[in-house]
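Single-structure report; data block below.
The sequence lines fix the lettering, A, B, ..., with proteins before strands; numbering per chain opens at 1.
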2 protein chains.
Amino acid sequence: MNEKFLLDNQLCFRLYTASRLLTQAYNPLLSAHGLTYPQYLVLLVLWEKDAQPVNDIAKRLYLETNTVTPLIQRMEKEGIVTRSKGEKDARQMIVRLTKKGWDLQVELVDVPTAMGNAVICESVNTETAPELFKMLDDIIAKLKTK
Amino acid sequence: MNEKFLLDNQLCFRLYTASRLLTQAYNPLLSAHGLTYPQYLVLLVLWEKDAQPVNDIAKRLYLETNTVTPLIQRMEKEGIVTRSKGEKDARQMIVRLTKKGWDLQVELVDVPTAMGNAVICESVNTETAPELFKMLDDIIAKLKTK
DNA sequence: TAATTTTGCATCGTGAACGATATAATTCAA
DNA sequence: TTGAATTATATCGTTCACGATGCAAAATTA
């Protein structure tokens, strides 16, 4: 039996599990405000820069537009964002935060810190976190180009 | 504007993205054999120990049975596994590899190495990988108990 | 043993992800 | 300028994930 097949030797399974469990940890904080985790990511993108076309949001999150479009349509239905055709380019759909969308930033102000604390442990702390960030960034950069 | 909200400061987004992109990298290798990534994970579990109840497989993957059940039903339909009631405990559904399921291990023998190579970069290599593994394991352990 | 609780699995509904495809607007090239 | 290629978004189908719920078997307890 090939030890390369052992589940405990798989980087991907660790990433997959860590990602899922951390997303689950976000859930109670977000669902209390009617949000899902991917919707929260869209908010992070728009809080940095409002009024972006779907494509820019998708690219920023490394997602396809066919994932982001319905996601944003749900957010529109919830009154968090508006969608309107681009003036310069009528193909684009510009996504803008509503007041409710901006208000959520105030309501969720403690979420990033809470989630940061949720992963603090022996090997991941203020000192070592940058190394982890660098490793994940390098992996993402390498896979992105493929 | 709170810098804690910056997308680039979020560990979770990195994990989420790295996990998704790495899963995407697996896809061409797996879909060539009619497999999805979660189905591949189930195979890894069964190759280690055949004839396990749904619950043990789910626990090993940190998934709920309501995720694993339909996933395994699809694998049954593909002739990769069989499902049969437990003899000792009739509530259990024992999952067993078929010959086709075992044959896949031979067909996929190069996948783990290929995927390992896919993430090798400056900061993640033979020397540093154990640190990354430890960090992810610690994060998983911390989140698991919540 | 009978009644209650727990456990293991399944079903259902919703929201991602993503490949494939469609459509309309824009850009490019002849 | 017209026709072809590209781009931006949307729709559709399939497969996860997962909360909620249902049900039957097993374990617990009265």
Side-chain angles (χ1 to χ4, degrees), chain A residues 12-13 16-28 30-32 34-42 52-78 80-81 83-95 143, chain B residues 12-13 16-28 30-32 34-42 52-78 80-81 83-95 143:
Chain A
C12 192
F13 175 58
Y16 165 79
T17 301
S19 170
R20 281 183 32 252
L21 295 183
L22 191 47
T23 300
Q24 284 176 28
Y26 270 96
N27 238 342
L30 299 177
S31 66
L35 291 172
T36 64
Y37 178 69
Q39 290 173 9
Y40 172 69
L41 292 181
V42 170
Q52 294 193 55
V54 169
N55 203 27
D56 289 15
I57 298 172
K59 281 209 165 65
R60 185 86 168 89
L61 298 176
Y62 304 107
L63 288 168
E64 300 298 320
T65 60
N66 58 0
T67 297
V68 174
T69 290
L71 199 159
I72 289 179
Q73 288 173 337
R74 283 177 217 113
M75 295 175 75
E76 183 187 32
K77 205 176 289 180
E78 297 299 320
I80 299 169
V81 299
R83 303 189 315 135
S84 52
K85 278 203 172 171
E87 297 190 355
K88 280 188 297 191
D89 188 334
R91 290 171 304 181
Q92 291 186 330
M93 193 59 93
I94 309 296
V95 184
L143 293 172
Chain B
C12 191
F13 176 58
Y16 165 80
T17 302
S19 170
R20 280 184 32 253
L21 294 184
L22 192 47
T23 299
Q24 284 176 28
Y26 270 95
N27 240 340
L30 297 178
S31 66
L35 290 172
T36 64
Y37 178 69
Q39 289 173 6
Y40 174 69
L41 292 182
V42 169
Q52 295 192 55
V54 169
N55 202 28
D56 289 14
I57 297 172
K59 280 210 166 66
R60 185 86 168 89
L61 299 176
Y62 305 108
L63 289 167
E64 301 299 320
T65 59
N66 59 1
T67 296
V68 174
T69 289
L71 197 159
I72 289 179
Q73 287 173 339
R74 285 185 279 272
M75 294 174 76
E76 184 186 33
K77 204 175 290 180
E78 296 299 320
I80 299 169
V81 299
R83 302 189 314 136
S84 52
K85 278 202 173 172
E87 297 189 355
K88 281 187 296 188
D89 187 335
R91 291 171 302 180
Q92 292 185 332
M93 192 60 93
I94 310 296
V95 184
L143 293 172

Donor-acceptor pairs are to be reported for all side-chain atoms of residues 64-73 of chain A against protein atoms at under 3.5 Å, with residues two or more places apart or in another chain.
unit_1: T69(A); atom_1: OG1; unit_2: T65(A); atom_2: O; d: 3.0

### Summary
Students should find that the nucleotides of DNA chain D closing off the region near chain B, any atom under 4.0 angstrom from a heavy atom, are dT15(D) to dA26(D)

### Query
In the 5'-to-3' direction, what one-character label does each nucleotide of nucleotides 16-24 of chain C receive under the scheme B = base within less than 4.0 Å of a protein heavy atom, S = sugar-phosphate only, - = no such atom?
SBBBB----

### Message
Taking ring pair (Phe, Tyr, Trp, His ring centres under 6.0 Å) as the definition, give me every residue that meets it alongside F13(A), ordered by chain and number, with sequence neighbours left out.
### Response
none

### Message
With salt bridge (Lys or Arg N to Asp or Glu O under 4.0 Å) as the rule and sequence neighbours excluded, what pairs involving residues 52-63 of chain B come up?
### Response
D8(A)-R60(B), E48(B)-R60(B)

### Task
Would you please name every residue forming a side chain to side chain donor-acceptor pair (under 3.5 Å) with R74(A), sequence neighbours left out?
none

### Residues forming a side chain to side chain donor-acceptor pair (under 3.5 Å) with N27(B), sequence neighbours excluded
none

Please set out all donor-acceptor pairs under 3.5 angstrom arising from side-chain atoms of residues 18-26 of chain A, sequence neighbours excluded.
unit_1: R20(A); atom_1: NH2; unit_2: Y62(B); atom_2: O; d: 2.4
unit_1: T23(A); atom_1: OG1; unit_2: S19(A); atom_2: O; d: 2.8

#### Entry: Which residues share a salt bridge (charged side-chain N to carboxylate O under 4.0 Å, His left out) with E76(B), sequence neighbours left out
R83(B)

